[in-house]
Amino acid sequence: MQQEMKSNKTDERKEVQEATSQNSLQDPSSLELTAALSKLGVQDVPPKTTREPAHIRKTKTSDLPSLEHVFAEGLYFTLTDVVLLPCIHQFLVSLQKVSPDKIYELPLITGWYERVLQVHSVQKAAAATNIKFLHFPHMNTRHQEPSASSKTEPQEKEVPECHFLGGPRPTMTKLKDHGVEADFSPHPCPTQTIDWGSLPAAVSPAEGKMSSDRALRKQQQLNNLLSVVSNMAKPGNTIVDFCSGGGHVGIVLAYLLPSCQIILIENKEESLMRARDRSNGLGLTNIWFVQANLDYFTGNFNIGVALHACGVATDMVIEQCIIARAAFVVCPCCYGFIQNTFKTTFPQR
């Protein structure tokens with residue numbers, strides 16, 4: 001078939017154009033015919049030879065409007081919706097018998113269910129099989145109806161004062177909402193928290209081009225990490241900040257430990273340049289920048305530091321420190337995504 005298509009390529013294009021022009025005058029009666037015609041039209045469109053405008057390529061995801069999720073896999077009715085429909089239908093029928101009010105706690109599922117029922121082919125199939133679908137006419141109004149407590153004056157939540165904030169608060173909140181309480185041990189160095197207000201602005205993580213909320217969490221993380229490093233470091237020590245990014249750890253170390261030599265290792269040029277600009281603004285003379293993968297660094301050092309080195313990178317940092325017989329202070333990240341590589345396999349011993 002491929003050989004025949006190649007030999008009759010010109011004739012086929014003419015036939016496709018004629019068929020497309022004829023079908024364009026007709027009103028397609030089925031979803032399948034519409035899709036087929038759209039595919040024929042797509043084949044005649046010449047490939048783009050130029051890139052998209054720069055303002056399109058540089059648009060941030062956060063600046064884009066939220067996408068509508070009409071059906072199970074997005075905007076279009078697919079086979080996934082057909083497979084899910086009888087399962088969800090049976091689930092809703094059973095739920096309505098056992099606890100009817102619970103259905104109103106599932107606005108996304110019932111919303112999808114109602115939209116699927118509006119597809120003409122689904123209605124036709126239901127009529128042919130004598131399936132009686134459910135309907136929730138008051139679903140939206142009931143879901144948006146304010147509760148009795150919300151009609152009263154809003155109550156401000158009391159935020160407990162805490163000298164040191166940290167930890168996985170969102171996770172802890174979810175656990176607490178499900179009845180799981182966590183016992184927190186006291187901070188190991190409560191008196192060694194950093195007074196960010198007394199430091200130059202360029203030292204703060206907020207200068208690393210991040211949101212205010214993320215910068216606050218980064219300050220809290222640095223409080224933990226730097227309190228340990230400060231106790232370990234001695235004058236003349238060399239401290240390596242692996243996977244340094246924009247220098248959030250290394251710059252603070254260089255500023256607070258002027259008698260130590262700080263080396264930042266980062267493979268992204270943009271992040272390293274940003275860290276260097278911040279360092280130059282502070283006039284630091286005890287800091288160096290190396291653009292390379294962390295395992296390419298073979299120099300001698302006394303302490304290795306890594307904050308949120310993703311996945312297997314944390315294990316690589318620890319291995320580098322063991323080879324150099326250096327102490328290390330690391331805070332891992334993304335361990336749900338670690339994979340075996342040609343350098344590192346899991347589990348580690």
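- Contact annotation: the side chain of W196 approaches that of V252 to within less than 4.5 Å [non-hydrogen atoms, C-beta and beyond].
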What's the verdict on ring pair (Phe, Tyr, Trp, His ring centres under 6.0 Å) for F91 and Y113, showing C-alpha distance, side-chain angles and the deciding distance? CA-CA 11 Å; F91 166 75; Y113 182 82; over 10 Å; no

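- Between the side chain of S94 and the backbone N or O of Q90, at least one donor-acceptor pair lies under 3.5 Å.
- A distance-only check finds no donor-acceptor pair linking the side chain of S230 to the backbone of S227 [under 3.5 Å].
- Under the 4.5 Å side-chain criterion, counting only non-hydrogen atoms from C-beta, I263 is in contact with F297.
- In D177, the CG atom is crowded: over 12 heavy atoms of neighbouring residues, nucleotides or ligands sit closer than 6.0 Å.
- Annotation: the span from Q118 atom CD to R115 atom CZ amounts to 8.5 Å, rounded to 0.5 Å.
- Distance check, rounded to the nearest 0.5 Å: CG of L134 to CD of E114 gives 9.0 Å.
- Judged by distance alone, the side chain of R276 and the main-chain N or O of S271 form no donor-acceptor pair under 3.5 Å.
- Side-chain atoms of S279 and L282, non-hydrogen and from C-beta on, never get closer than 4.5 Å to each other.
- Two different hydrophobic clusters hold M273 and I262 under the rule that ILVMFWY side chains link at heavy-atom gaps under 4.5 Å.
- Clustering ILVMFWY residues whenever any of their side-chain heavy atoms sit less than 4.5 angstrom apart, transitively, puts L222 in the very cluster that holds L199.
- Residues F77 and V82 form a side-chain contact, since some pair of their non-hydrogen atoms from C-beta on lies under 4.5 Å apart.
- A distance of 11.0 Å separates CD of E105 from OG1 of T110, quoted to the nearest 0.5 Å.
- Considering only heavy atoms from C-beta on, Q221 stays 4.5 Å or farther from C331 through its side chain.
- Using a 4.5 Å heavy-atom cutoff, the side chains of V249 and S244 are not in contact.
- For F301 and F242, the ring centers are positioned less than 6.0 Å apart.
- With E266 contributing its side chain and L272 its backbone, the two residues share no donor-acceptor pair below 3.5 Å.
- Rounded to the nearest 0.5 angstrom, L92 CG and F133 CZ are separated by 11.0 Å.
- W112 and L79 end up in the same hydrophobic cluster when Ile, Leu, Val, Met, Phe, Trp and Tyr side chains are linked at under 4.5 Å.
- With hydrogens and angles ignored, the 3.5 Å screen pairs no side-chain donor or acceptor of N286 with any backbone N or O of Q261.
- Screening V228, V240, V229 for a side chain to side chain contact (heavy atoms under 4.5 Å, CB included) involving V305 leaves a single residue, V229.
- Side-chain atoms of D241 come within 3.5 Å of backbone N or O of G250 as a donor-acceptor pair.
- Cluster membership for I88 and I131, using ILVMFWY side-chain heavy atoms within less than 4.5 angstrom, is shared.
- Rounded to the nearest 0.5 Å, atoms CG (L253) and CG (N237) are 11.5 Å apart.
- When atom types are taken as modelled, the side chain of N302 and the backbone of T238 share a donor-acceptor pair closer than 3.5 angstrom.
- When atom types are taken as modelled, the side chain of D277 and the backbone of R274 share no donor-acceptor pair closer than 3.5 angstrom.
- The CG atom of L225 sits 10.0 Å away from atom NZ of K218, with the distance rounded to the nearest 0.5 Å.
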